[in-house]
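What follows is a short report on a single structure.
Fair warning: this is a prediction, and the values are worked out from it, not measured in the lab.
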Amino acid sequence: MGLESIPSLILSSGACQYALDVTSGKIVSGIKRIQSCQRFLDELVESYENPDYPWEFDIEKGYRPIDFIERFLIPTKGAYSKTEMLPWQQFVEANMYGWISKKTGYRRFREALIIVGQGNGKSTMIAGNAAYGLTKDGERGAEIYALSNSREQARIVFGECAAQIEGSPVLSKHVKSTRDGLYYKNSKFEPLASDSKNLDGRNVHMGVFDEIHEFRDYKLINVIKGKIKKRKQPLIIYITTLGTVIDGPLMDFYELGGKILAGDQAISKRAADRMFVYIDEIDEEDNPTDISCWGKA
């Protein structure tokens with residue numbers, strides 16, 4: 001049956017329409033973006049046609065963070081009166097939060113790798129995710145961390161999130177904001193860096209790694225990945241532009257993400273099933289000075 005088996009509510013969503021526009025060529029895209037969108041469509045069909053497929057897409061859960069960000073948060077830079085998430089952002093958000101286990105109802109993806117070009121609003125988007133994780137993700141005592149190579153960089157995402165919440169007439173009434181953290185009931189959002197003095201004692205529900213192209217080792221990444229085991233549906237987000245540190249974690253993630261999108265059988269299915277990947281870039285054969293291919297990045 002193919003796409004005919006997918007409910008119209010999902011097919012008509014912004015996330016699904018974006019995937020269809022990318023795979024049909026309506027939106028000029030690089031191979032990895034196409035693969036990410038095709039993966040989404042293929043798995044949608046599989047979830048409806050194969051009763052043994054372990055995952056399903058819940059459109060309501062996928063759009064909860066999108067609705068939250070657009071309803072409550074306003075960008076802190078530029079003359080904007082509200083947030084309107086772009087099609088690619090809707091696609092990413094819906095995938096991260098919408099895929100769940102048929103058996104448990106908990107989120108499928110534990111990690112998300114998002115690589116986009118500069119100027120795409122990733123800091124604003126990811127700050128919105130932190131605010132959602134802090135207040136609306138349904139996790140008691142949630143611990144959310146803005147993670148980076150240095151405290152200065154970690155505070156950029158934290159500061160954006162704090163400014164968005166302080167500028168929200170609704171959220172500002174319920175979230176306590178200090179220099180060191182944001183606090184909602186018994187949940188918290190704090191900046192944390194590789195050079196922080198104390199990395200122990202964490203119980204991570206959501207970790208947001210900003211600009212991992214600056215990382216030269218796995219110290220902080222390994223600490224955070226080891227601190228999610230007590231959570232039922234934790235999420236670690238790696239969001240970045242491509243950088244110049246070619247021997248750091250980013251290149252390992254980039255190669256792993258490429259293999260997952262390509263369906264490389266050398267990657268265990270269990271590992272691939274738990275990581276969402278979205279990579280924007282021009283293709284190898286493209287001429288970087290040709291503006292007709294810039295939309296791929």
Report the C-alpha distance between F40 and F57 in whole Å, list the side-chain angles of each, state the deciding distance to 0.1 Å, and finish with yes or no for side chain to side chain contact (heavy atoms under 4.5 Å, CB included).
CA-CA 10 Å; F40 172 65; F57 183 72; 3.9 Å; yes

Going hydrophobic residue to hydrophobic residue with side-chain gaps under 4.5 angstrom, can you get from [X] over to [Y]?
X    : Y    : answer
V175 : I69  : yes
I34  : V45  : yes
I224 : I126 : no

May I ask you to say whether [X] pairs ionically with [Y], meaning some side-chain N is under 4.0 Å from a carboxylate O?
X    : Y    : answer
K32  : D283 : no
K225 : E111 : yes
R107 : D137 : yes

Which heavy atom of [X] sits nearest to which heavy atom of [Y], and what is that distance?
X    : Y    : value
L44  : C16  : CD1-SG, 4.2 Å
E49  : S5   : OE2-OG, 3.4 Å
S150 : A193 : C-CB, 3.2 Å
D273 : W55  : OD2-NE1, 3.3 Å
I267 : I260 : CG2-CG1, 4.2 Å
R33  : S29  : NH1-OG, 3.0 Å

Check: [Y] and [X] side chains under 4.5 Å, non-hydrogen atoms:
X    : Y    : answer
K296 : D280 : no
E93  : M125 : yes
L182 : K176 : no
L73  : L171 : yes
V157 : E160 : no
I279 : Y254 : yes
H174 : T135 : no
S187 : I144 : no

Does [X] use its side chain to pair, donor to acceptor, with the backbone of [Y] at less than 3.5 Å?
X    : Y    : result
S168 : Q164 : no
D286 : P288 : no
E143 : N203 : yes
Q89  : L86  : yes
E139 : H205 : no

Test ring-ring contact (aromatic ring centres under 6.0 Å, His included) on Y145 and F158; report intermediate values, then the result.
CA-CA 8 Å; Y145 294 101; F158 171 77; over 10 Å; no

For a side chain to side chain contact (heavy atoms under 4.5 Å, CB included) check, start with the C-alpha distance between E43 and R108, then their side-chain angles and the critical distance, and finish with the verdict.
CA-CA 12 Å; E43 292 183 340; R108 166 189 178 181; 2.9 Å; yes

When you look at NZ of K102, are more than 12 heavy atoms from neighbouring residues, nucleotides or ligands closer to it than 6.0 Å?
yes

More than 12 heavy atoms of other residues, nucleotides or ligands under 6.0 Å from OH of Y53: yes or no?
yes

Taking it one step at a time, do R71 and D67 satisfy salt bridge (Lys or Arg N to Asp or Glu O under 4.0 Å)?
CA-CA 6 Å; R71 181 180 178 186; D67 294 340; over 6 Å; no

Assign the ring pair F253 / Y218 to parallel, tilted or perpendicular, where the plane angle (0 to 90°) is split at 30° and 60°.
tilted

Parallel, tilted or perpendicular for Y278 and Y18, by the 30°/60° rule?
tilted

State which residue, out of F109, Y132, F276, fulfils the ring-ring contact (aromatic ring centres under 6.0 Å, His included) condition with Y97.
Y132

Going from NZ on K232 to CZ on R140, what distance comes out if it is rounded to the nearest 0.5 angstrom?
10.0 Å

For the CD1 atom of I221 and the CG atom of L147, what is their distance to the nearest 0.5 Å?
9.5 Å

Please test W99 against S47 for side chain to side chain contact (heavy atoms under 4.5 Å, CB included), starting from the C-alpha separation and ending with a verdict.
CA-CA 10 Å; W99 282 106; S47 69; 4.2 Å; yes

Evaluate E190 against R202 for salt bridge (Lys or Arg N to Asp or Glu O under 4.0 Å), listing each step before the verdict.
CA-CA 11 Å; E190 299 175 346; R202 313 289 172 173; 3.8 Å; yes

